[in-house]
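Read the numbers this way: they start at 1 and go in the same order the structure lists the ligands and their atoms. Positions are given from 1 along the sequence.
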Amino acid sequence: MTLRRTVLVTGGSGFIGSHTCVALIESGHEVIVIDDFSNSSPEALVRVETLTGTTPTFYELDLRDRPGLSDVFARHDIDVVIHFAAKKAVGESTQIPLDYFDVNIGCTTSLLRVMHEYGVHRLVFSSSCSIYGDALPKPLSESDVPGPTNPYAWSKWTCEQLIEQATRYHPEMRATALRYFNPIGAHRSGVLGEAPKGPLHNVMPYLMQVAAGRLPALNVFGDDYPTSDGTAVRDYIHVVDVADGHVAAVEHVDDVPGMQVFNLGTGVGTSVLQLCDAFAQASGREIASVICERRMGDVAVLVGDPRKVEVAWGWRTRFDLDAMCRDAWNFQTLNPNGYTAGVSPDVVAAEGRRAVGIDTVEA
Ligand code: UD1
């Protein structure tokens, strides 16, 4: 029987955070959420309650607000922290790198300070496959040397190193960094899913809008990569698998001293055009695509070797690409406007016109 833990989830109303809250509650853990709602909506927590019957205690807070953060730690007897809260758009990070360093690194150091002050010594950190950079064309293992290619990836790699150093000099501390590949999909119910605020950065939210007829076509960023069809290859992983991986991490965070690092991926590579085909199948809609220039900071192939986590915890992913597309489409059809504070149809249509570089597109 699993020990019930009190888990503080920073960024708990975001895409991965909210799915993780559901998985933690369903596994019997108590959840406390901190979020500043900068890229998420409180509605996500209402939906966590819809699915679990439990409302997580939550605080609206920027983690860099040290007195505010201390207050949360003073009120609760926290066993483990899962730290998601961060800015996460690769393209945007090349435009405003200092914001990425300030938020992503600043939130992490503030959190480490307050955890230390309150004697909370267990941390699960949301890292990213992006730290591997323009890596070898083979499944990446945790021992491959990181080489970030953009400020977002640099911020994640820097945080990993800071946490690792912290565990070295504070041996009472134990941490796990999960480097996930590309999380997509949605909760099977369609109640929770990916509902970004503002402009769309990632491929799946875009595809959902194209299939819904709100954007004319997916802009495929580059068809001259050294891959089978020339488009970039990623290791897409179902968000529910990522959430379950965090529950496993919480339950194994005591296993070994220091910091452990694990990939969360499937080991299967999918190109942008293959993803379009899979989504067209799942949605029964046509997906038009337009080949564009490569996106700054992108790499050709990122596929993870998932064996280390399987050997350590006996944990592996359960869902394939069809399930990811099916669940994402289900969320889209049930929530055409995302959460209520999500992207409005007008904004989506305007974004579509801007993205394809034309003035008139029927919404
Ligand atoms: C990036 C990070 C990943 C992180 C994720 C979070 C890298 C290499 N990866 O994923 O670690 O978890 O952000 O946001 O830094 N694409 C299009 N058209 C679009 C959008 C995307 O063709 O409109 C292509 C991209 O070029 C890429 C793939 O689709 O090849 C996936 O892109 P995206 O969903 O943005 O994720 P990554 O940039 O791979």
Between [Y] and [X], is there a salt bridge with N-O shorter than 4.0 Å?
X      : Y      : answer
Arg5   : Asp254 : yes
Arg64  : Asp36  : no
Lys156 : Glu160 : no

Measuring centre to centre across the rings, with the benzene-like ring taken for any Trp, is Tyr206 within less than 6.0 Å of Phe279?
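No, ring centres 6.0 Å or more apart.
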
Do any side-chain atoms of residues 285-293 form donor-acceptor pairs under 3.5 angstrom with protein atoms, and if so which ones, sequence neighbours left out?
{"unit_1": "Arg285", "atom_1": "NH1", "unit_2": "Ala211", "atom_2": "O", "d": "2.9"}

Counting distance only, does the side-chain N/O of Asn263 pair as donor-acceptor with the main-chain N or O of Val309 below 3.5 Å?
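No, Asn263 side chain to Val309 backbone: no donor-acceptor pair under 3.5 Å.
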
What does the list of residues with a heavy atom under 4.0 Å from ligand 1 look like, ordered by chain and number?
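For ligand 1, the residues that come within the 4.0 Å heavy-atom cutoff are Lys88, Val90, Ser128, Cys129, Ser130, Asn150, Tyr152, Phe181, Asn182, His201, Asn202, Val203, Tyr206, Leu218, Asn219, Val220, Phe221, Ala232, Arg234, Tyr236, Val272, Arg295, Asp298, Leu302.
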
